[in-house]
Amino acid sequence: MKAHDSSPLSDYIEYTSDEMLQRSADFYENIKRRHSVRSFSNRPVAKRIIENCIKAAGTAPSGANHQPWHFVAISSHDVKKQIRQQAEIHESNFYQGRGGEEWLDALKPLGTDANKPYLEHAPWLIAVFSEKKGGIAVEDKNTNYYVHESVGIATGFLINALHSSGLVTLTHTPKPMSFLTKVCDRDENSRPYMLIIAGYPSENATVPHHAMSKKKLEDIATFL
Ligand code: IYR
């Protein structure tokens, strides 16, 4: 096969302009119901659903299509407990001052603190790792490009897939996150990028008003 062989774009679906308008509006209506949730039920969620969502994330565009990501999906209670213990140690330091006054003030309207019970009680934690070296084949150890951008897009796909499946999520970035490499049994080529908590919301789940305030279109977009 030549390096630049290609196939026709056979799975593209063209919609009419009216259909596109409807679909874009429907997509917005659906995605705006995504909220970061911090109170999870311990109700189990089938592994197949998480597998499908990770497959969806794996279709994201990436630098040179090297797909510089790895997802560790954790339902093991023992591993979740270890993650909670370690994360809470770091979070305590953070909330006791290491975060700095400005950062801690910025978080006040969210009402977050160092307690992270959901890390133990939610059915799934998905640790997202970025891979420094890699390539189109899993065993490659070449340079990866635009790693942060690629893994960010894939994580966005993952959150969208989980939300569209009917689950709620929380993006969590304990600081520092390096302990995840060991807990998840990854080697030093893997750098922890983010932890996604996924499951059903608990019955008393709330959304902080601060998080519901989204900037208007004219404040986030310019049309030239
Ligand atoms: N990682 C901490 C602090 C935190 C930081 C940001 I930026 C947030 O948007 C929310 C929380 C925690 O999870 O509590």
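We use all heavy atoms of the structure for the numbers below, so side chains are in, but hydrogens, waters and symmetry mates are not. Just so you know, ligand 1 is whichever comes first in the structure, and atom 1 is the first atom listed for that ligand. Index from 1, following the sequence.
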(request) Take atom NZ of Lys55 as the centre, draw a 6.0 Å sphere, and report whether it contains more than 12 heavy atoms from other residues, nucleotides or ligands. (result) no

(request) Provide, to 0.1 Å, the distance between atom 6 (C) of ligand 1 and the closest protein heavy atom, together with that atom's residue and name. (result) Leu107 CD2, 3.5 Å

(message) Just checking Trp69 against Tyr193, ring centres under 6.0 Å apart?
(response) no

(request) State plainly whether the residues Glu88 and Arg84 are in salt-bridge range, i.e. N to O under 4.0 Å. (result) yes

(request) May I ask you to say whether Lys81 pairs ionically with Asp78, meaning some side-chain N is under 4.0 Å from a carboxylate O? (result) no

(request) Give the residue and atom name of whichever protein heavy atom lies nearest to atom 7 (I) of ligand 1, and the separation in Å to one decimal. (result) Trp103 NE1, 3.5 Å

(message) Suppose I only count heavy atoms of Thr173 and a 4.0 Å limit; which atoms of ligand 1 are within that range?
(response) 1 (N)

(message) Looking only at distances, can you tell me whether any N or O atom of Arg38, backbone or side chain, sits closer than 3.5 Å to an N or O atom of ligand 1?
(response) no

(request) Mind checking whether Lys175 contacts ligand 1 via backbone (N, CA, C, O), side chain (CB onward), both or neither, at a 4.0 Å heavy-atom cut-off? (result) neither

(request) May I ask you to list the atoms of ligand 1 that are less than 4.0 angstrom from any heavy atom of Lys116? (result) 12 (C), 13 (O), 14 (O)

(message) Within the 4.0 Å heavy-atom shell around Phe94, which atoms of ligand 1 are there?
(response) 3 (C)

(request) Among all protein heavy atoms, pick the one closest to atom 3 (C) of ligand 1 and tell me residue, atom and distance. (result) Tyr95 OH, 3.4 Å

(request) For the pair Asp187 (side chain) and Asn189 (backbone), establish whether a donor and an acceptor sit closer than 3.5 Å, ignoring hydrogens and angles. (result) yes

(message) Whether Glu131 and Arg186 form a salt bridge (side-chain N of Lys/Arg under 4.0 Å from carboxylate O of Asp/Glu) is what I want to check.
(response) yes

(request) In plain terms, say whether Asp105 and Lys108 are close enough for a salt bridge, that is, a side-chain N and a carboxylate O under 4.0 Å apart. (result) yes

(request) Starting from atom 1 (N) of ligand 1, locate the nearest protein heavy atom and write down its residue, its atom name and how far away it is, to 0.1 Å. (result) Glu91 OE2, 3.1 Å

